[in-house]
K.L.:
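Just passing along the structure, written as structure tokens.
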4 protein chains.
Amino acid sequence: MLVVMRTDATTAQVDAVCDAIRALGFTPVPMPGEQRTAVGLIGNDGQVDGAHIGGMGGVAQVINVTKPFKQVSREWKPENTIVTIAPGVAFGGNDIVVMAGPCSVENEQQILTAARAVRAAGATALRGGAYKPRSSPYSFQGLGSKGLELLALARRETGLPIVTEAMDEAGAHEVAEIADMIQIGARNMQNYSLLRTVGKIGKPVLLKRGMSATITDLLLSAEYILAEGNPHVVLCERGLRGFDSSTRNVFDVTAIPVVQRASHLPMVADPSHGTGVRALVTPMARAAVAAGADGILVEVHPTPERALSDGAQSLYPDQFTKLMLELRTIAEAIGRHVAPSPGTASVSVG
Amino acid sequence: MLVVMRTDATTAQVDAVCDAIRALGFTPVPMPGEQRTAVGLIGNDGQVDGAHIGGMGGVAQVINVTKPFKQVSREWKPENTIVTIAPGVAFGGNDIVVMAGPCSVENEQQILTAARAVRAAGATALRGGAYKPRSSPYSFQGLGSKGLELLALARRETGLPIVTEAMDEAGAHEVAEIADMIQIGARNMQNYSLLRTVGKIGKPVLLKRGMSATITDLLLSAEYILAEGNPHVVLCERGLRGFDSSTRNVFDVTAIPVVQRASHLPMVADPSHGTGVRALVTPMARAAVAAGADGILVEVHPTPERALSDGAQSLYPDQFTKLMLELRTIAEAIGRHVAPSPGTASVSVG
Amino acid sequence: MLVVMRTDATTAQVDAVCDAIRALGFTPVPMPGEQRTAVGLIGNDGQVDGAHIGGMGGVAQVINVTKPFKQVSREWKPENTIVTIAPGVAFGGNDIVVMAGPCSVENEQQILTAARAVRAAGATALRGGAYKPRSSPYSFQGLGSKGLELLALARRETGLPIVTEAMDEAGAHEVAEIADMIQIGARNMQNYSLLRTVGKIGKPVLLKRGMSATITDLLLSAEYILAEGNPHVVLCERGLRGFDSSTRNVFDVTAIPVVQRASHLPMVADPSHGTGVRALVTPMARAAVAAGADGILVEVHPTPERALSDGAQSLYPDQFTKLMLELRTIAEAIGRHVAPSPGTASVSVG
Amino acid sequence: MLVVMRTDATTAQVDAVCDAIRALGFTPVPMPGEQRTAVGLIGNDGQVDGAHIGGMGGVAQVINVTKPFKQVSREWKPENTIVTIAPGVAFGGNDIVVMAGPCSVENEQQILTAARAVRAAGATALRGGAYKPRSSPYSFQGLGSKGLELLALARRETGLPIVTEAMDEAGAHEVAEIADMIQIGARNMQNYSLLRTVGKIGKPVLLKRGMSATITDLLLSAEYILAEGNPHVVLCERGLRGFDSSTRNVFDVTAIPVVQRASHLPMVADPSHGTGVRALVTPMARAAVAAGADGILVEVHPTPERALSDGAQSLYPDQFTKLMLELRTIAEAIGRHVAPSPGTASVSVG
């Protein structure tokens, strides 16, 4: 923490700030400058809440130097965390994991067709929503428990592990019984009760970044899960709230390397929600992999024009097949590989 | 819904869109223009999800004309909804309700001192957090049940009704037993399970706008509560995520009249979280009332420099007293009144 | 400047940073913490550009402590600057200056009618565009020189001083010959050649905040004008780019007290561009005055439905008359006065 | 244009809107719905300014259907525009043009060293600022005319064409005499006088997107240049204003395919300004190419730690060399090529 005094701060005001720092159990270090004095701290362990000092007389600004998160930090654990969700399906190593499938599970035929199609194109995992958070209470809310059963069926048929969303604590326990990875959606990124619940459950978690969450906010939310003893967390960029209606969101591709530098946790990206427009999904999936993503999440639907949700951003199966080919070459360009589908040998480009 | 075709759209593509609209149960109205054709809909009841049409061949854009919310709309119910949380304490009429108190309940002496101070200055209700959503798992998380008991004690001592936050479904039931109004925080604005729960409980709800929520998003979240049969909802602006670190948030004062035009629900504002800086709370509280807010939420702490949370944005009691005087005159300027404390006669300016 | 080292920074890396600071002519002050070391500076005069240190080995972050602006700062000049644009019309004192008129000067009858109407309602100055920056090259671009002549005519008829925009250097000289105050629009806030030009001209300048400018950016742009020897600068909030299409912009009312705390320059607000919707102009003009604005800029048109630009946000004359009454009472509530029209005695409420 | 009426709009109000549309010279098409009526237009040529209709009685919203730009639109000209700035150096075809060099020209040795280094690594053009727009009037503002001479010298030495910025009309003429492409910076994207000037000059223009410009704003600014008869315009994404200080800007990679779908003009990206952090430039340059950029702009400095501007975001020459190798493979993955340095044969990967 650094306390910057106003240029007209009196000596008494600087002394009062030093006293307040001592009261918090730390040693103040005043640094007089030509224009103003700043007061540093020695011994800050990152848990100091010195916000109230910002309101003291003569104080211009309080700057937090130490990052507020701990266990998620790369400074805490320098080597990458590997999150394994099924035999041979791991995030955070050299492999890039492709999770594909429809936005929502709609019925048996739809999910089986989708699962087989993405498996045939080389996807590593199956995504699909049974519980759907929708802005409107009148929109389709997902099949619920029935949807989870259909996902389990699709896994038996294709061997693909399952990633699906939980929206509340009861749902998290139910999802955990079937899914290989529990997704926490962007709207729930700061639903701390839910974060604690999936922390206690201990299954791998895919934590999506909120629409206006800073990287620090995202890492602090992950910290809630790790603080409960669950280190199996994969982070996901899925688009920020933006001012231009030409896309659904601003897909913050740069967040990928930013998170990877700050944290040891794997970082993936969702170009489908990130853009909201089918024609943009392919170029932005390529961009995410080129930026170093540890995986991507892509919506693929056998018949997007009949989808119950997100039809406009779902790829057709043949578009997804072509994308997979491009991704393999881009991965090679940066010395990585697209993870093979479970049960198959690794696919190489050359 | 209006479907705008590309200038190079073929007749077959326009026909396909018309067919897709018929398949949804509506009548298409093609409108040929000099540059392009647009296709309108007759009979749209607001629940159509035509997003998939956006992905059809030759389509440039799909524009939703009908607002996606219903019961919260002023078009659904033209007259203001009055939300009464205690005898004589009502939102949505001519009175402006001032809710004041500390960010968190810290101990008996603190909450009683704060409650008496804001009562003496003329506040209408007491705010104070027992359950606190904090970005970091290592920050003070509130006193929980003990905090609720202390709030009840403060109500017995001062007669002020209580507004306090619930963070999850179990907490909502507990808070509902003591509080006069259940607050849903900005981070939980799209926690739909929680919204449904407070909808079923039926107590008055203070729903805060999320940091990057559009007005439509806010109204749709309120719609979740009304859809469960609970019409006692008050909305609250508390600041948007912004790009300038000189304030904690961008306090969107304009949201007050925008919401009041779109909805019959009362709309209040929280200048404390909206700005995050003590010196800005007073001018922005005045601005909110001048803009037509049906109430304000202000953090007041007996000793802000010792607060366990939000000290830098809490007013000193004497600052709050001065603010109340200014608010009364501003309310008069627009033909309204600051609501009196429960059990007192209305205070008039002249 | 404060250089925060990574927790794994080596002693050699800390030493290298200290050397780099010495190379800039300052004294480094290393502050070892439990987690990491930070290095402060003694003697920073605010012009140090230490950005390159951010790229050195072992550096986590470089934090600028000293504000980059000087002459515009309240720390440089504690008392308010008073900007006088005509006899009796001054910004920055107790008076609140109301500038009103149409978006564009369209013809003689329109501008005279508008000028008389706003004068009758009590406006202090006349606003109106002769040169109009428009997003599209095909939109009406203003009457140019002819518009300036008509503004001069309106001044002769009503006594109201004139505020109008200049878009380039040649235009600035032409506008300066007629106008009492030269407006620099939001799109040109960082057109440094133009800022230098109006700095040299020396006439009062109304500098509008850019749509995504921080307060620091705004003050630095003003610094360009003061650095050329022209201290007669009034700053103006007119709305930020936002994500919600329910208003044209996000009107950042809080910027008013933020600027007034940071700078001695007067700060006004433009609720017409700030909201873009007629029905929102009145409540937000009230909010701006309640927040402490030193003036407001309001679009008023005799027949908004026939305006060549900005018709949807222009007040009808009778709406403006009613607004003036409300503003007078709100000004009283905070111990200020709405400035009288030139040539009239001050209007008091009571 | 589509005019959406309120649900409580009267027949007289609908009629008034129809009359207003006829007064603009178009045919109104009322579409009654279950909830409300909407009124469409037949014959809209894109230049209608119907904003004032938004303020009429009973109107809920006015939606613009036709895009406000013309000549820049892909609907106006379906095939890609090829912008050639020197023999063999062309944007908009299959080649990806890499423009590299220091932020500012600092002295003869620096610019020659930089030019030779980027040439050796395979860059196609040299970037470097002679006139620098800086937020602070006290920062280094560039060498001006002397800088232009040094750029010309570097071109003679290396054969690389030159891209450099002009900040005002006088400067544009001076820059045009030396540069192969005139850059208009983000801060001047809506400096319409400058846009018209470079439109008249007729040289190739690199137009950077403003920090809060929508894609429509960017295309309308380009339209100003084309409207003056200059079709040689290349657009550039360089980062949006964002809320997270972990990067300098939000680099909107998605803008690349969005612009390419909407316009026939080439679209490039600047990952150096887009991120502001050296370690992020390489992954984001790769992402831009993977997303389909027609070129990139990269800051490379022989000794970034001694740069007079933007040192923290400049690559070291060896980092740039490695980046070029990766870019070539990524280009292959999508069927494109990195353009060779002028005077060399094309470099192929395999």
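Naming convention: chains lettered A, B, ... in sequence-line order (proteins, then strands); numbering from 1 in each chain.
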K.L.:
Considering residues, nucleotides and ligands other than C/R6, do more than 12 of their heavy atoms fall under 6.0 Å from its CZ?
P.N.:
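Atom CZ in C/R6 is not crowded, with 12 or fewer foreign heavy atoms closer than 6.0 Å.
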
K.L.:
Measuring from atom CD of B/E326 to atom CD1 of C/I334, what distance do you get when rounded to the nearest 0.5 angstrom?
P.N.:
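CD1 of C/I334 is found 7.0 Å from CD of B/E326.
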
K.L.:
Given side chains that start at C-beta, do those of C/F243 and B/T214 come closer than 4.5 Å, heavy atoms only?
P.N.:
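Heavy-atom side-chain distance check passes, below 4.5 Å.
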
K.L.:
Counting C-beta onward and ignoring hydrogens, is there a side-chain heavy-atom pair between B/T254 and C/V250 closer than 4.5 Å?
P.N.:
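Of all side-chain heavy-atom pairs linking C/V250 with B/T254, none is under 4.5 Å.
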
K.L.:
Where does B/T275 contact chain C at under 4.5 Å (heavy atoms): side chain, backbone, both or neither?
P.N.:
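Interface part for B/T275: side chain.
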
K.L.:
Please rank B/A285, B/A279, B/G292, B/A255 by heavy-atom pairs under 4.5 Å with chain C and give me the top one.
P.N.:
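It is B/A279.
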
K.L.:
Is there side-chain contact between B/R261 and C/V277, with at least one heavy-atom pair below 4.5 Å?
P.N.:
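Of all side-chain heavy-atom pairs linking C/V277 with B/R261, at least one is under 4.5 Å.
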
K.L.:
Heavy-atom pairs under 4.5 Å with chain B are the metric here; pick the option from C/S246, C/S212, C/G274 that has the most.
P.N.:
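Counting heavy-atom pairs under 4.5 Å, the top option is C/S212.
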
K.L.:
Of the backbone (N, CA, C, O) and the side chain (C-beta and beyond), which part of B/L327 lies under 4.5 Å from a heavy atom of chain C, both, or neither?
P.N.:
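For B/L327, there is no contact with chain C at all, as no heavy atom is under 4.5 Å.
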
K.L.:
Taking all atoms of both residues into account, what is the closest heavy-atom pair of C/A290 and B/R286, and its distance?
P.N.:
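What the structure gives for the nearest pair is O-NE, 2.7 Å.
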
K.L.:
Using a 3.5 Å distance criterion without hydrogens, assess whether the side chain of C/D244 forms a donor-acceptor pair with backbone atoms of B/A213.
P.N.:
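Answer holds: no.
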
K.L.:
Counting heavy-atom pairs closer than 4.5 Å to chain B, which one of C/L240, C/V253, C/I330 comes out on top?
P.N.:
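Going by pairs under 4.5 Å, I would pick C/V253.
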
K.L.:
Does any backbone or side-chain atom of B/L280 lie under 4.5 Å from a heavy atom of chain C? Answer side chain, backbone, both or neither.
P.N.:
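Side chain only.
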
K.L.:
Measure distances from C/I256 to the heavy atoms of chain B and classify the residue's part below 4.5 Å as side chain, backbone, both or neither.
P.N.:
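C/I256 has no heavy atom closer than 4.5 Å to chain B.
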
K.L.:
How long is the span from the OG1 atom in C/T247 to the CG atom in B/D252, to the nearest 0.5 Å?
P.N.:
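Nearest 0.5 Å value for the OG1-CG distance: 6.5 Å.
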
